[in-house]
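Here the structure comes first, spelled out in structure tokens, and everything after it is commentary.
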Amino acid sequence: MPVQDVAIGIDLGTTNSSIAVCYKDGRVVVIPNDQTGSRLTPSYVAFDEGTHTVGERAKESPHENAKNTIFQMKRIIGRKYGDAEVVRNKELWPFQLRCGEDGHTPMVVINDLDEEMLLSPVAISALVLKSLKSSAEAFLGQPIDQVVITVPARFTDAQRKATKEAGAQAGLNVIGMINEPTAAAIGYEIEGNESQTFLVFDFGGGTLDVSVLQSTEQSSFRVLATEGDMELGGADFDNKLLRHYIDRFREQHGINLREQPPALARLRLMCEKVKNNLSGRSDSYLASLAYITGAINFKERTTRTEFEIITDQLFQRMLNPVKSALRAAGKDKSDMDFVLLVGGCSRIPKVRQTLEAFFVDVPIKCDAFTDEAIAMGAAVYARSVMQKLAGLPSKYKVFDITPFTLGVGVAQGKVVPLIAKGTPIPVQERKPFTTQRRDQASAMVRIYEGESELSAENRLVGVVHLSDLQTGPGDQPHIVITFAYDESGVLNVTATERENETGITLSLH
Ligand SMILES: Nc1ncnc2c1ncn2[C@@H]1O[C@H](COP(=O)(O)OP(=O)(O)OP(=O)(O)O)[C@@H](O)[C@H]1O
Ligand SMILES: [Mg+2]
């Protein structure tokens with residue numbers, strides 16, 4: 001099979017997305033949005049008058065249309081309606097969520113042209129991906145098909161599968177997924193003959209990802225540990241400010257802006273602006289919104305010190321994954337040759353100061369193209385995957401690891417681990433299991449993700465029903481369960497009956 005001329009990488013972000021191409025000669029270009037010329041496309045979709053817009057235009061869509069302007073879907077993709085993260089986010093979103101008919105998918109409610117439409121986070125993410133695809137096709141003058149999409153290192157199996165599904169719905173063939181910190185390392189072209197050990201601190205809009213990596217030989221990356229905080233990103237700084245302003249406004253005017261979606265939408269965008277401006281030279285910013293509600297204007301001056309006090313809790317949390325990643329890698333902070341700081345939040349002065357104070361003498365690399373390194377790394381990785389698929393040697397070798405322990409639920413609410421957290425991937429593990437009772441013809445296998453011995457404290461990845469089992473004494477280990485974890489971090493489970501060796505591939509939903 002001939003290798004295509006272009007390899008495409010997509011950084012599908014919580015706030016901004018970007019798409020990059022890696023040409024055959026190794027050149028990498030971040031593709032500008034075909035409408036705005038910007039290399040970043042806000043991950044926003046707005047529905048209006050029977051049609052939809054994506055990106056900058058959607059982000060700037062009229063505030064009266066706040067209920068139909070959807071963003072931050074990455075925070076809930078692959079999650080269940082009742083999950084704490086979904087509940088926490090939806091409280092401050094101007095659009096509505098409702099539980100889907102399947103009883104667990106959070107669905108976004110769109111009301112347009114007097115009609116109600118329910119769309120899943122996957123479907124909305126697919127619209128963002130479609131828009132990136134069409135920008136890339138216009139830029140390259142050719143259709144694109146095979147892509148690599150990046151995901152936070154701590155994305156669960158369900159979140160990875162949902163991301164892949166979004167790609168498929170956008171008409172893309174997702175040939176691989178790569179963890180964002182790993183992609184950032186490749187994007188920065190960290191290579192050399194000597195072995196280097198470094199920590200990637202990727203602080204984006206939705207999540208904080210931390211990985212300790214080693215570049216062992218030229219163009220080879222080995223991930224030693226990966227940790228993160230899935231509930232810590234730029235959006236949380238915005239939310240802290242938002243809550244602060246809502247409280248101030250209520251104190252002053254006795255009005256709850258939470259109940260007014262257009263006001264809430266305007267205030268949220270203002271919070272992002274305040275935060276970003278306070279990363280610059282000015283040490284205070286005057287937030288002002290005319291007629292935020294009725295004839296009342298919103299006006300608040302916030303200093304950088306106030307901002308740092310309001311968001312102090314978040315700064316305190318940001319070192320936790322750094323410490324656990326170093327511990328899991330068996331390294332000390334002084335063993336790091338450097339720290340690579342990427343993601344939009346790396347521009348917040350206190351983020352950098354906090355890292356500098358912690359790492360002391362370790363150099364911190366961070367530059368203007370912090371927003372683009374992940375998409376660029378994904379495109380370079382896509383080139384490697386395509387070469388591998390075509391049976392050719394590839395330049396980059398990436399050895400990533402599993403972010404969680406994966407296991408099977410057994411009697412007494414316990415979990416038997418099959419693949420431990422931190423195992424290099426791809427990996428395959430098999431284990432024989434018994435049925436619990438004599439002559440048991442069917443069984444239910446529950447698959448869990450997480451570090452507890454108890455199933456109730458882990459995440460349920462999926463349930464598999466086995467039927468028509470050979471009956472016999474219950475204590476014979478006759479079901480062999482195989483977990484195959486691929487390079488994209490996606491789990492496939494197979495069960496085989498030892499007697500007849502018939503394989504059943506189990507789909508997990
Ligand atoms: N100058 C700045 N100061 C502070 N924050 C900034 C600045 N510029 C951008 N940001 C914030 O960075 C975040 C976006 O960063 P980035 O583009 O890396 O995230 P993302 O890729 O969308 O999210 P994730 O990787 O978590 O899915 C937003 O919250 C944005 O407001
Ligand atoms: Mg990102």
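All ligand and atom numbering here is 1-based and tracks the order in the structure.
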Query raised in the report: Are any of the side-chain nitrogens in Lys130 or Glu137 under 4.0 Å away from the carboxylate oxygens of its partner?
Result: no

Query raised in the report: Tell me: protein heavy atom nearest atom 25 (O) of ligand 1, and distance?
Result: Glu180 OE1, 3.7 Å

Query raised in the report: Do any nitrogen or oxygen atoms of Glu272 lie less than 3.5 angstrom from nitrogen or oxygen atoms of ligand 1?
Result: yes

Query raised in the report: Got a salt bridge between Lys323 and Glu227, using NZ or NE/NH1/NH2 to carboxylate O under 4.0 Å?
Result: no

Query raised in the report: When you measure from the side chain of Arg75 to the backbone N and O of Gly206, does any donor-acceptor pair fall under 3.5 Å?
Result: yes

Query raised in the report: Looking at Arg268 and Glu272, does any basic side-chain N land under 4.0 Å from a carboxylate oxygen?
Result: no

Report task. Determine, for Phe399 and Arg222, whether the Lys NZ or Arg CZ falls below 6.0 Å from the six-membered ring centre while staying within 45 degrees of the axis. Result -> yes

Report task. Please write down residue, atom name and distance for the protein heavy atom closest to atom 17 (O) of ligand 1. Result -> Asn16 ND2, 3.5 Å

Which atom pairs, donor and acceptor, lie under 3.5 Å between side-chain atoms of residues 344-359 and protein residues at least two apart or in another chain?
{"from": "Ser346", "atom 1": "OG", "to": "Gly343", "atom 2": "O", "distance (Å)": "2.5"}
{"from": "Arg347", "atom 1": "NH2", "to": "Asp371", "atom 2": "OD2", "distance (Å)": "2.8"}
{"from": "Arg352", "atom 1": "NE", "to": "Glu356", "atom 2": "OE2", "distance (Å)": "3.2"}
{"from": "Thr354", "atom 1": "OG1", "to": "Lys350", "atom 2": "O", "distance (Å)": "2.4"}

Report summary line: Closest to atom 3 (N) of ligand 1 among protein heavy atoms sits Ser279 OG, 2.6 Å

Requested in this report: State whether the side chain of Thr303 and the backbone N or O of Asp283 hold a donor-acceptor pair below 3.5 Å, judged by distance alone.
Outcome: no

Requested in this report: Report the nearest protein non-hydrogen atom to atom 5 (N) of ligand 1: residue, atom name, distance rounded to 0.1 Å.
Outcome: Asn276 OD1, 3.0 Å

**Report entry** Short N-O contact, Arg88 and Asp236, less than 4.0 angstrom
**Finding:** yes

Report summary line: Within 4.0 Å of some non-hydrogen atom of Lys74, the atoms of ligand 1 are 24 (P), 25 (O), 27 (O)

Requested in this report: Looking only at protein heavy atoms, identify the closest one to atom 29 (O) of ligand 1 and say how far it is in Å.
Outcome: Lys275 NZ, 3.0 Å

Query raised in the report: In the protein, which heavy atom is nearest to atom 21 (O) of ligand 1, and how far is it?
Result: Gly13 CA, 3.6 Å

Report summary line: For Gly234, the ligand 1 atoms with a heavy-atom partner under 4.0 Å come out as 29 (O)

Requested in this report: List the atom of Val87, the atom of Tyr81, and the distance in Å for their closest heavy-atom pair.
Outcome: CG2-O, 4.2 Å

Report task. Would you mind checking which non-hydrogen protein atom is closest to atom 24 (P) of ligand 1, with the distance to 0.1 Å? Result -> Thr14 OG1, 3.4 Å

**Report entry** Enumerated ligand 1 atoms positioned under 4.0 Å from heavy atoms of Gly343
**Finding:** 18 (O)

**Report entry** Per-atom contacts, ligand 1 versus Cys345 - under 4.0 Å to a heavy atom
**Finding:** 12 (O)

Query raised in the report: For ligand 1, is there an N or O atom under 3.5 Å from any N or O atom of Asp238?
Result: no

Query - Closest protein heavy atom to atom 23 (O) of ligand 1, given as residue, atom name and distance to 0.1 Å - result: Gly205 N, 2.9 Å

**Report entry** Polar atom proximity, Asp11 to ligand 1 (N or O, under 3.5 Å)
**Finding:** no

Query raised in the report: Can you name the nearest heavy-atom pair linking Gln260 to Ile292, along with the distance?
Result: OE1-O, 4.5 Å

Query raised in the report: Nearest non-hydrogen atom to atom 16 (P) of ligand 1 belongs to which of Gly233, Gly344, Ala184, Gly206?
Result: Gly344

